[in-house]
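First the structure, in the form of structure tokens, and then the observations on it.
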Amino acid sequence: MCHVIVTCRSMLWTLLSIVVAFAELIAFMSADWLIGKAKPSGSEDVDNRTGESQEPYRPTLGIYGRCTRISHLQLSRRDTLCGPYAENFNEIASGFWQATAIFLAVGIMILCAVAFVSVFTMCVQSIMKKSIFNVCGLLQGIAG
């Protein structure tokens, strides 16, 4: 019975480790870190096909990505363009955002490594009399 509980706990920990690593990666890639004020809707915000008013446009900015409105594409439903605004590391918005990018990248790498190792903890739970769970938990704490 005890072995079943340990196995279920390690499976849950493995699953949550993988989910957290992917969530961090998605947050890093997101352009929704700063969301601007909604632009007032005017005559240009009417969908030409349906005649209905579109949602107001909100510019967004992320660590290295942003979403901007393309004014000449009024016929399409998707008139925003999202992508990187920085061609290299020095073009990231500020020194604080550069530091954030470094710390998040290191944290994501650690979380991905822990998620990868956690899959193997189903078979091997200790190496050199050290619990893999304790070491990985410490690494997850550092990455957080």
Side-chain angles (χ1 to χ4, degrees), residues 1-41 44-45 47-50 52-144:
M1 180 68 177
C2 183
H3 182 65
V4 172
I5 293 173
V6 170
T7 303
C8 287
R9 278 188 10 201
S10 66
M11 287 173 55
L12 180 63
W13 175 69
T14 299
L15 180 64
L16 289 176
S17 296
I18 293 168
V19 167
V20 167
F22 278 117
E24 283 286 324
L25 184 61
I26 290 168
F28 183 76
M29 301 300 286
S30 173
D32 293 334
W33 283 59
L34 293 176
I35 300 174
K37 291 183 179 180
K39 304 287 182 179
S41 57
E44 70 272 358
D45 288 338
D47 191 346
N48 291 335
R49 287 175 282 160
T50 63
E52 296 176 5
S53 178
Q54 294 180 347
E55 282 187 32
Y57 166 69
R58 294 179 181 269
T60 62
L61 178 68
I63 296 256
Y64 73 93
R66 68 177 174 188
C67 291
T68 57
R69 180 176 226 164
I70 304 170
S71 60
H72 64 277
L73 290 179
Q74 292 297 321
L75 298 176
S76 71
R77 196 127 173 100
R78 181 158 170 81
D79 59 352
T80 58
L81 177 66
C82 297
Y85 68 86
E87 293 292 324
N88 60 43
F89 184 74
N90 291 329
E91 291 180 359
I92 293 179
S94 72
F96 292 113
W97 285 54
Q98 289 174 349
T100 301
I102 291 170
F103 287 125
L104 271 176
V106 169
I108 289 168
M109 286 191 305
I110 292 171
L111 288 174
C112 287
V114 168
F116 182 74
V117 168
S118 69
V119 172
F120 295 108
T121 61
M122 303 287 186
C123 302
V124 178
Q125 295 181 354
S126 65
I127 295 176
M128 296 187 304
K129 297 183 182 179
K130 296 282 184 190
S131 171
I132 295 175
F133 298 112
N134 291 343
V135 174
C136 287
L138 177 67
L139 288 174
Q140 283 177 327
I142 291 169

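Every value quoted in this text rests on a predicted model; they were computed, and no experiment measured them.
Minimum heavy-atom separation, Gly62 to Trp97: O-CZ3, 2.7 Å. The nearest pair of heavy atoms linking Phe89 to Ala101 is CE1-CB, 4.4 Å. Closest non-hydrogen pair, Leu139 versus Val114, comes out as CB-CG2, 3.8 Å.
Applying the side chain to side chain donor-acceptor pair (under 3.5 Å) test to residues at least two apart or on different chains, the pairs with a partner in residues 135-144 are Trp13-Gln140, Ser17-Gln140.
To the nearest 0.5 Å, atom CG of residue Leu15 and atom CE of residue Met11 are 8.5 Å apart. In this structure, CG on Asp32 lies 12.5 Å from CD1 on Ile26, to the nearest 0.5 angstrom. Glu24 contributes atom CD, which lies 13.0 Å from atom CE of Met109 (distance to the nearest 0.5 angstrom).
Counting non-hydrogen atoms of neighbouring residues, nucleotides and ligands closer than 6.0 angstrom, the CZ atom of Phe96 reaches no more than 12 such neighbours.
Checked by atom type and distance alone, the side chain of Ser118 pairs as donor or acceptor with a backbone atom of Ala115 at under 3.5 Å.
Checked options Val20, Leu111, Ile108, Leu104; the residue passing with Leu25 is Ile108 (criterion: side chain to side chain contact (heavy atoms under 4.5 Å, CB included)).
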